Amino acid sequence: MTATIAYEDVEVGTELPAQSFPVTRATLVQYAGASGDFNPIHWNEKFAREVGLPDVIAHGMFTMAEAIRVVTDWAGDPGAVVEYGVRFTKPVVVPNDDTGALIEVSGKVAAKLDDHTVRVDLTVMSEGKKVLGMSRAVVRLG
């Protein structure tokens with residue numbers, strides 16, 4: 001599968017539409033059920049603090065999944081992503097209130113590669129801190 005965006009129509013520096021993703025404690029419970037990851041740092045505030053965290057934190061894989069949505073929405077086809085990797089730099093802290101946390105994601109085309117692929121670099125922030133580093137995806141365009 002390939003993206004709906006043509007390789008010829010994209011230049012290095014092309015910015016993807018930025019998106020923000022809200023995360024609440026309910027979101028984390030739903031993700032835990034879907035993923036099978038019931039580590040108490042993702043739902044038990046007392047436990048999270050006992051192990052040195054500031055509060056409950058979002059699952060790393062959840063944070064990755066939210067971030068790549070900027071790329072898949074832009075490309076028009078999740079199957080167009082042929083490679084994706086990140087480094088976890090800071091946790092997404094999710095307070096126990098009606099607001100929760102916000103994951104803010106922006107991206108831009110950093111390189112045009114062979115075989116109609118591009119490398120997209122993402123910036124992933126929460127509370128003004130970079131939560132994912134070296135967040136990069138290779139996408140096959142049309």
Side-chain angles (χ1 to χ4, degrees), residues 1-45 47-49 51-142:
M1 304 193 95
T2 56
T4 56
I5 296 174
Y7 180 81
E8 295 78 19
D9 294 339
V10 174
E11 299 297 330
V12 170
T14 298
E15 293 189 14
L16 283 62
Q19 295 186 52
S20 296
F21 304 99
V23 186
T24 64
R25 294 280 179 95
T27 309
L28 299 182
V29 171
Q30 292 168 338
Y31 182 80
S35 69
D37 182 352
F38 294 100
N39 187 323
I41 65 172
H42 303 304
W43 57 269
N44 184 318
E45 185 173 327
F47 183 86
R49 291 183 188 277
V51 299
L53 295 169
D55 206 334
V56 165
I57 63 170
H59 302 72
M61 296 303 285
F62 173 82
T63 305
M64 277 184 76
E66 292 291 80
I68 197 65
R69 288 174 58 188
V70 167
V71 176
T72 60
D73 288 353
W74 171 73
D77 177 9
V81 177
V82 296
E83 186 178 318
Y84 178 46
V86 307
R87 288 196 179 151
F88 299 102
T89 56
K90 300 273 184 205
V92 175
V93 178
V94 183
N96 191 19
D97 58 21
D98 292 334
T99 305
L102 195 62
I103 300 170
E104 299 172 284
V105 185
S106 61
K108 68 174 151 183
V109 174
K112 289 184 86 168
L113 309 171
D114 297 330
D115 197 26
H116 282 236
T117 60
V118 296
R119 190 186 87 220
V120 175
D121 291 354
L122 296 172
T123 301
V124 185
M125 309 284 288
S126 184
E127 294 183 351
K129 298 175 186 160
K130 193 177 221 182
V131 295
L132 297 179
M134 300 293 291
S135 185
R136 296 178 171 171
V138 175
V139 184
R140 180 162 288 114
L141 300 180

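Along the sequence shown, the residues carry numbers beginning at 1. Keep in mind the model is a prediction, meaning the values are calculated, not measured.
No more than 12 heavy atoms of other residues, nucleotides or ligands shown are found within 6.0 angstrom of CG on Asp98. More than 12 heavy atoms of other residues, nucleotides or ligands sit less than 6.0 Å from atom NZ of Lys112.
A donor-acceptor pair shorter than 3.5 Å can be found between the side chains of Asp73 and Gln19.
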Using the side-chain contact (heavy atoms from CB on, under 4.5 Å) rule, take Ile57 and His42 through it: C-alpha gap first, then chi angles, then the decisive distance, then the call.
CA-CA 5 Å; Ile57 63 170; His42 303 304; 4.0 Å; yes
Chi angles and distances behind the side-chain contact (heavy atoms from CB on, under 4.5 Å) call for Ile103, Val124
CA-CA 7 Å; Ile103 300 170; Val124 185; 3.7 Å; yes
Chi angles and distances behind the side-chain contact (heavy atoms from CB on, under 4.5 Å) call for Glu8, His116
CA-CA 9 Å; Glu8 295 78 19; His116 282 236; 3.3 Å; yes
Pair Tyr84-Leu122, side-chain contact (heavy atoms from CB on, under 4.5 Å): steps then yes or no:
CA-CA 10 Å; Tyr84 178 46; Leu122 296 172; 4.2 Å; yes
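Rounding to the nearest 0.5 Å gives a distance of 9.0 Å between CG of Asp115 and OH of Tyr7. Remark: Asn44 CG to Leu53 CG distance equals 11.5 Å, nearest 0.5 Å. In this structure, NZ on Lys108 lies 10.5 Å from OG1 on Thr14, to the nearest 0.5 angstrom. Distance OG/Ser20 to CD/Glu66: 11.0 Å, rounded to 0.5 Å.
Just one of Val92, Asp37, Thr27 meets the side-chain contact (heavy atoms from CB on, under 4.5 Å) condition when paired with His59; it is Asp37.
Between Phe62 and Tyr31, the ring-plane angle classifies as perpendicular under the 30° and 60° cut-offs.
Taking all atoms of both residues into account, the shortest heavy-atom contact from Thr24 to Val94 is C-CG1, 3.7 Å. Across all non-hydrogen atoms, the minimal contact from Thr89 to Gly133 is CG2-N, 3.6 Å. Considering all non-hydrogen atoms of both residues, Asp55 and Arg25 come closest at OD1-NH2, 2.7 Å. Contact record, Phe21 with Val105: CE1-CG2, 3.9 Å, taken as the closest heavy-atom pair. Listed here is the closest heavy atom pair of Arg136 and Asp121: CG-OD1, 3.2 Å. Closest heavy-atom contact between Leu28 and Val56: CD1-CG1, 3.6 Å.
Formation of a donor-acceptor pair under 3.5 Å by the Arg49 side chain with backbone atoms of Pro54 is found in this model. Between the side chain of Thr117 and the backbone N or O of Val139, no donor-acceptor pair lies under 3.5 Å.
Side-chain atoms of Leu132 and Phe88, non-hydrogen and from C-beta on, do get closer than 4.5 Å to each other.
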